[in-house]
Novice: 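Below is the structure I would like to discuss, written out as structure tokens.
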Amino acid sequence: MAERYNHKAVEEKWQKRWEEEDIFRTYENLSKPKKYILEMFPYPSGELHMGHVRNYSIGDVVARHSKMSGYNIIHPIGYDAFGLPAENAAIARGIHPAKWTFDNIINMRRQLKQLGLSYDWNREVVTASPNYYKWGQWLFLKFYERGLAYRKKAQVNWCPSCETVLANEQVEAGRCWRCGSVAELRDLEQWFFKITDYAERLLNDLDLLGGWPERVRVMQRNWIGRSEGAYVDFQIKGSDKKITVFTTRPDTLFGATFFLLAPEHPMVNELVRGTKYEVGAAEFRRKVAAETEIDRTSAEKEKNGFFTGVYVVNPVNSEEIPVYLADYVLMGYGTGAIMAVPAHDQRDFEFAKKYGLPIKVVIEPAGEQLNPTMMAQAYEGEGVMVNSGMFNGTPQVDGIKKVTEYLQDEGVGEVAVNYRLRDWLISRQRYWGNPIPIVYCEKCGIVPVPEGELPVILPENVEITGKGGSPLGRVELFVNTACPSCGGPAKRETDTMDTFIDSSWYFLRYCSPHDDRLPFSKEAVDYWMPVDQYIGGIEHAVLHLLYSRFFTKVLYDMGMVSEVEPFTNLLTQGMVIKDGAKMSKSKGNVVDPSMIIDKYGADTARLFILFASPPEKELEWSDRGVEGSYRFLNRVWRIVQENKDLVMKAQGDLTNLGPADRNLRSIVHRTIRRVTDDIARFSFNTAISAIMELVNAMYKYNDEANRHSGVMKEATDNLILMLSPFAPHITEELWHELGNTESTFLEPWPKYNPELAKAEEVTLVVQVNGKVRDKITVPADVSEDDMKKTALGSERVLAHVNGKDVKNIFIVPGKLVNFVVK
RNA sequence: GCCCGAGUGGCGGAAUAGGCAGACGCAGCGGACUUAAAAUCCGCCGCCUUCGCAGGCGUGCCGGUUCGACUCCGGCCUCGGGCACCA
């Protein structure tokens, strides 16, 4: 190999060799501890971006370091290949989504290989291939059998731009998570997964996830939104019917002065039918329905209501209170009906003020009286029950329990738990996704496609316009079929599944990717799962990470997996930004990884990305910084080349060393300790800086008159091995140039000798009254007495101590002396 | 509004258990090598005062605890993120 570092030649050479020798292939091996290292698989948009490079560089360091540390690792990759962009490309450029997707995969696979990532390519998974989506359909059928997949008519989110419905999790602040369009509400019959059945477990098991960032757990906790309270029945005046409300504040029941229904509440029509309120109620409902989710749920918006002419009876005091429709009451939460307590709920308070409804105080803070006419806002704090009959004087905290018990005894209420989490709407009116394996028969109704007929193949001949409903609905050959049950004429479901289903179990498929009898083999999954380290973006804090947890729990209940949580440890990487803003085409600040790899090589790109910032933080891109990393690799290259001959004929005797030799050895062993610890805590930036310091020390040592070949070899070997997870190509080249024949990937991770890692000399810091006055080099094993003596031998210290009383002396052994003087 | 997270040189960042603030890198400055430049190697590099020795100040702001605080406590400011009529 040439004297100069030629990144292109080196990287191409080793990528080829690794592939030929198949060194990243992994197998189950019960004699070794396993480690599952996983990065979120990419959507094959066509080009790798810097966020991918960061994600996969982090994962590769963890994987390579784990492998070298003796773990049997699994480190797979694949493509989340279904999704709307493929259809958009078809519309914009007339390319079939399948061609667009699979061409993109070819390109992205090439780019991933250029990065030198240690993937077991034999485990590659593509969600858009029939041998993967078949099993997604199979799982759908299992969910259906268990009652976890069901169809219902509901008010759902609709993205007008993507022309499809969206799950709640996929609407962010009222906008489509993908395209940012304002979501509309529509009444549609759709397929749902019953994730709410798992709400309690999804919530409780967050406690098992100590290896997750706290903020992700908090986001999921908030999203699930558990609240305890009670159901309370209110009798409709002049009817034998009742309406149930959910409340978290049964203690304020005596303060209910009116009653509110969501405009969509199913009782509304019945209540106003044939009355003078009928027309107005319908109009009010229409007006509210026209609002977007954003308007509807904005807390700032003025509340609107409509009186129905109906009254209900408060079960605790028989008071008759008026029933209104209110736009701030949501049909999707609780029962869609609430009791309004304006004195103790700010929203109800505002509503009461607007419509001139009475306000009745039933909770008062200790030693204070509240006057309803004087109140500027609701009192939501703690206190004691008043105006509440037999409960007067009860502290509010006890009141919640006591009133609920009373309601239960009277048969008009019960304890209740509600969640903010809604069922997962999984239908999509799109083509490029996994067909829902369901047939609608005129006679038999909903009929699941039999397992033996899977997969329901996604037809290729489809016209994609992006308009007018599910594209599959226009493919007659697909739609028209025979009922699997009676053989009569039937129609297929034409919606496809949410692509988040595909990504909810791909990590299981990696364990046995070629299984053709089941989605994954229990044996393989039992060996590899759970994922020990998952790495990806924070944007999936609720979406993908919640859905995957749900899937894992269902599969656990089915006996298909033995773990209740899929991801033991989670690392959420920060964004890559440039000039202070997220890289985006519209801002014109995108840096293309291909350009960087071409100019400096993958090793430089990886090293820079890992060095510039800790993985969880934002990473500010810097072209100068990249050059610095490139300079460093060249520096490594040269110091190894310069010492190649010396190292190759090194003799192993490391006794009788001079001070410079001992010093370098000590630095080498300290560096091993630092780098090992830093990688373990994902502090890659400091790990790299420690390696840089080692290289600086090696250059200094290089000027010594009598370089010791054995010492130089120890430093060089360890430098190469420690750097190899970060910059695998250059280190592999240098490693082989030194006469080694095994890949660094297969070498053991360096170990340090604690004795050698100790410095012989340390810097003693001397303070007077907490201010540093001198720094003196002393032997590492200096006694406390000698520390004191040495410190008092310093003129600079004496200048601040002489003529004063030494009141106290604090000594931190081997580190610091502090004289307290007056 | 509520809940998180973060504020350290010109810049990215470091300080893992309360003990040297600014490791490492970028930029800058100086030197060596060179006919010269690039590359490379070596050195300097928080601010103020000072020829220097040295001294003072300094981790968003104000206060506290401590022999000693970037680190712990109380209050505030700014920025970023999440949630936001969920009864």
Side-chain angles (χ1 to χ4, degrees), chain A residues 4 172-173 213-219 221-223 225-227 229 245-249 252 260 262 296-303 326-330 332-341 344-348 350-351 418-422 538-539 541-542 574-575 607-608 611-614 616-629 631-632 634-635 638 674 677-678 680-681 683 685-693 695-696 699-700 702-703 762-772 774-775 796 799 807-812 815-821:
Chain A
R4 261 197 69 188
E172 294 168 349
E214 177 62 17
R215 62 178 183 142
V216 175
R217 289 189 291 164
V218 168
M219 278 190 231
R221 196 168 289 133
N222 290 341
W223 187 262
R226 183 182 198 273
S227 40
V245 300
F246 173 70
T247 179
T248 54
R249 295 290 305 274
T252 63
L260 300 174
R296 180 85 187 266
T297 59
S298 158
E300 282 88 58
K301 205 197 77 171
E302 193 178 305
K303 292 153 186 34
D327 57 357
Y328 73 94
V329 179
L330 307 171
Y333 184 78
T335 62
I338 65 166
M339 63 176 207
V341 184
H344 305 294
D345 183 291
Q346 185 58 26
R347 298 156 300 177
D348 299 344
E350 286 166 28
F351 193 88
N418 255 272
Y419 301 92
R420 213 184 73 111
L421 181 72
R422 312 285 162 82
I538 186 83
E539 67 272 19
V542 171
M575 278 193 308
L607 193 73
F608 167 71
F611 178 63
S613 182
E616 304 242 16
K617 276 187 76 171
E618 280 184 347
L619 171 95
E620 171 75 34
W621 187 265
S622 156
D623 292 333
R624 297 279 204 177
V626 176
E627 282 177 35
S629 292
R631 256 200 301 273
F632 170 69
N634 273 287
R635 222 166 127 75
R638 279 190 304 271
R674 287 171 67 186
D677 291 351
D678 284 354
R681 63 186 180 106
S683 185
N685 53 335
T686 52
I688 293 166
S689 82
I691 297 173
M692 287 171 166
E693 286 180 66
V695 172
N696 291 344
Y699 269 88
K700 202 162 263 170
N702 207 33
D703 292 338
V762 293
T763 304
L764 177 66
V765 176
V766 187
Q767 298 181 334
V768 179
N769 288 340
K771 282 188 199 291
V772 179
D774 203 357
K775 298 176 188 178
R796 273 181 275 193
K807 297 275 185 197
N808 212 341
I809 303 172
F810 289 85
I811 295 179
V812 182
K815 262 190 181 163
L816 176 138
V817 181
N818 186 14
F819 296 96
V820 183
V821 303

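Chain identifiers are assigned alphabetically (A, B, ...) following the order of the sequence lines, protein sequences preceding nucleic acid strands; residue numbering begins at 1 within each chain. Treat the numbers as computed from the prediction; the structure is a model and nothing was measured.
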Novice: Can you tell me, in whole Å, how much space there is between the P of B:G46 and that of B:C41?
Specialist: 23 Å
Novice: What residues, two or more places apart in sequence or in another chain, satisfy side chain to side chain contact (heavy atoms under 4.5 Å, CB included) together with A:D703?
Specialist: none
Novice: For atom C1', what is the distance between B:C47 and B:C62, given to the nearest Å?
Specialist: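 The same atom, C1', in both gives a distance of 22 Å.
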Novice: May I ask you to say what A:V812 touches in the nucleic acid, namely base, sugar-phosphate or nothing, with a heavy-atom cut-off under 4.0 Å?
Specialist: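 Contact class for A:V812: base.
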Novice: Describe the nucleic acid contact of A:S629 in one word from base, sugar-phosphate, nothing, applying a heavy-atom distance below 4.0 Å.
Specialist: nothing
Novice: Assign A:G225 to base, sugar-phosphate, or nothing according to its heavy-atom contacts below 4.0 angstrom with the strands shown.
Specialist: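 If one applies the 4.0 Å heavy-atom cut-off, A:G225 turns out to touch nothing in the nucleic acid.
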Novice: How would you list, by chain and number, every residue that makes a salt bridge (charged side-chain N to carboxylate O under 4.0 Å, His left out) with A:R635, sequence neighbours excluded?
Specialist: none
Novice: Would A:K303 and A:F351 count as a cation-pi pair here, with the cationic atom under 6.0 angstrom from the ring centre and within 45° of the axis?
Specialist: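 Negative - A:K303 is either too far from the ring of A:F351 or too far off its axis.
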Novice: What's touching nucleotides 64-71 of chain B from the protein side, N or O pairs under 3.5 Å?
Specialist:
unit_1, atom_1, unit_2, atom_2, d
B:C67, O2, A:N818, ND2, 2.5

Novice: Could you pull out all residues at least two apart from A:F611 that satisfy side chain to side chain contact (heavy atoms under 4.5 Å, CB included)?
Specialist: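 Listed in chain order: A:I688, A:S689, A:M692.
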Novice: Holding to side chain to side chain contact (heavy atoms under 4.5 Å, CB included), I want the full list of residues that pass it with A:N634, two or more places apart in sequence or in another chain.
Specialist: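 For A:N634 the side chain to side chain contact (heavy atoms under 4.5 Å, CB included) partners, ignoring immediate neighbours, are A:Y5, A:Y630, A:R638.
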Novice: Nearest whole angstrom, please: distance from the P of B:C85 to the CD of A:E350.
Specialist: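 Computing the A:E350:CD to B:C85:P distance gives 12 Å.
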Novice: At 4.0 Å (heavy atoms only), tell me whether A:R226 reaches a base, stays on the sugar-phosphate, or touches nothing.
Specialist: nothing
Novice: Determine, for nucleotides 53-59 of chain B in 5'-to-3' order, which nucleotides have protein heavy atoms under 4.0 Å from the base (write B), from only the sugar-phosphate (write S), or from neither (write -).
Specialist: -SSSS--
Novice: Considering just the side-chain nitrogens and oxygens of A:N685, establish if one lies under 4.0 Å of OP1 or OP2 belonging to B:G12.
Specialist: no
Novice: Can you list the residues that meet the ring-ring contact (aromatic ring centres under 6.0 Å, His included) rule with A:F608, with sequence neighbours excluded?
Specialist: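 Expected list: A:W621.
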Novice: I'd like a list of close polar pairs between nucleotides 39-45 of chain B and the protein, N/O only, cut-off under 3.5 Å.
Specialist:
unit_1, atom_1, unit_2, atom_2, d
B:U40, O3', A:R638, NH2, 3.1
B:C41, OP1, A:R635, NH1, 2.8
B:C41, OP1, A:R638, NH2, 3.2

Novice: Answer with base, sugar-phosphate or nothing: what part of the nucleic acid does A:V542 contact at a heavy-atom distance below 4.0 Å?
Specialist: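 Nothing: the residue A:V542, judged by heavy atoms under 4.0 Å, touches no strand.
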Novice: Does A:T686 place a side-chain N or O at less than 4.0 Å from the phosphate oxygens OP1/OP2 of B:C24?
Specialist: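 A:T686 to B:C24 OP1/OP2: no side-chain N or O under 4.0 Å.
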Novice: So, is A:R624 close to the B:A27 phosphate, meaning a side-chain N or O under 4.0 Å from OP1 or OP2?
Specialist: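 Result: yes.
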Novice: In chain order, what residues pass the side chain to side chain contact (heavy atoms under 4.5 Å, CB included) check against A:A687, with sequence neighbours excluded?
Specialist: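 Testing A:A687 for side chain to side chain contact (heavy atoms under 4.5 Å, CB included), a comparison that skips the adjacent residues, returns A:V675, A:D678, A:I679, A:F726.
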Novice: Look at the side chain of A:K303 and decide which nucleotide, out of B:C85, B:A23, B:C4, has an atom nearest to it.
Specialist: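 Per side-chain heavy atoms of A:K303, the pick is B:C85.
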Novice: Roughly how many Å apart are B:G9 and B:C76, using the P atom of each and rounding to a whole number?
Specialist: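 Result for the P pair: 25 Å, nearest Å.
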Novice: Report the residues that fulfil salt bridge (charged side-chain N to carboxylate O under 4.0 Å, His left out) with A:R796, sequence neighbours left out, ordered by chain and then residue number.
Specialist: A:D774
Novice: Scan residues 616-623 of chain A against RNA chain B and write down, sorted by residue number, each residue with any heavy atom closer than 4.0 Å; if none is found, say none.
Specialist: A:K617, A:E618
Novice: Taking Watson-Crick (N1-N3 plus N6-O4 or O6-N4) and G-U wobble (N1-O2, O6-N3), each under 3.5 Å, can you produce the dot-bracket string of RNA chain B? Use [ ] for crossing pairs and | for inter-strand ones.
Specialist: (((((((..(((......[....))).(((((.......))))).((((....))))..(((((..]....))))))))))))....
Novice: If the C1' atom of B:A21 is compared with that of B:U8, how far apart are they to the nearest Å?
Specialist: 8 Å
